[in-house]
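Single-structure report; data block below.
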Amino acid sequence: MKLITVAGPPSSGGKTSVILKTIAALGLPPGGSVGVVKFDSLTSFDHQRYDEQQIPNQTAFAGKICPDHHFVSNVEGGAVEWGGMKKGLSVLVTESAGSATGARHT
């Protein structure tokens, strides 16, 4: 499985749109070979956009944990396991709203 990460500050806008356009441009068929795991701080409705395109997706919220640390702690054991072992994806895109350039570390 190939892993692609798209990251940027929380609420910066555009990460989900870039992912959707990239999936379309690569000609990856929906509903099986590509999936998305979104790492966000507190809330997200992006799953609705992925659902509309029939792209398997999961969302993980960092809550009070630094989003960068949450991503690093969960990308392999959570996201990669879900995409590779449970879903059999050939491409997994992780979306992280925890870029250190804009994240508030707590």
Side-chain angles (χ1 to χ4, degrees):
M1 179 179 70
K2 294 181 181 180
L3 176 65
I4 300 168
T5 298
V6 177
S11 302
S12 64
K15 294 182 295 287
T16 301
S17 293
V18 166
I19 292 168
L20 289 169
K21 290 180 186 275
T22 300
I23 290 170
L26 292 173
L28 298 170
S33 66
V34 63
V36 177
V37 175
K38 171 153 179 122
F39 290 89
D40 213 322
S41 298
L42 298 172
T43 186
S44 174
F45 297 100
D46 289 343
H47 66 279
Q48 295 170 343
R49 295 183 66 194
Y50 295 123
D51 289 345
E52 288 173 2
Q53 299 298 317
Q54 300 176 11
I55 298 170
N57 65 89
Q58 291 284 314
T59 304
F61 295 111
K64 294 182 179 182
I65 301 170
C66 163
D68 282 330
H69 295 131
H70 179 66
F71 174 81
V72 170
S73 297
N74 291 284
V75 69
E76 187 174 352
V80 171
E81 183 178 309
W82 174 82
M85 296 175 68
K86 292 185 181 175
K87 290 292 187 179
L89 302 175
S90 59
V91 178
L92 176 65
V93 181
T94 57
E95 178 180 348
S96 177
S99 172
T101 58
R104 185 184 85 210
H105 294 271
T106 55

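A continuous path of Ile, Leu, Val, Met, Phe, Trp and Tyr side chains, each step under 4.5 Å between heavy atoms, connects Leu26 with Val93, placing both in one hydrophobic cluster. Val34 and Val18 are members of different hydrophobic clusters when ILVMFWY side chains are connected at heavy-atom separations under 4.5 Å.
Judged as a ring pair (Phe, Tyr, Trp, His ring centres under 6.0 Å), the pairs with a partner in residues 71-91 (not counting sequence neighbours) are, in order, Phe39-Phe71.
A heavy-atom distance below 4.5 Å is found between the side chains of Ser17 and Arg49.
Each of Asn57, Val36, Ile55 was compared with His47 under the side chain to side chain contact (heavy atoms under 4.5 Å, CB included) criterion, and only Asn57 meets it.
For the atom pair CD1 of Ile19 and CD of Glu95, the computed distance is 4.0 Å after rounding to the nearest 0.5 Å. Distance check: Gln58 CD to Lys87 NZ gives 7.5 Å after rounding to the nearest 0.5 Å. Within the model, atoms CG of Asn74 and OG1 of Thr94 stand 11.5 Å from one another, a figure rounded to the nearest 0.5 Å.
The two residues Ala60 and His70 make their nearest non-hydrogen contact at CB-NE2, 3.7 Å. Closest non-hydrogen pair, Leu92 versus Ala79, comes out as CD2-O, 3.4 Å.
The backbone N or O of Lys38 lies less than 3.5 Å from no partner atom in the side chain of Thr59, so there is not a single donor-acceptor pair.
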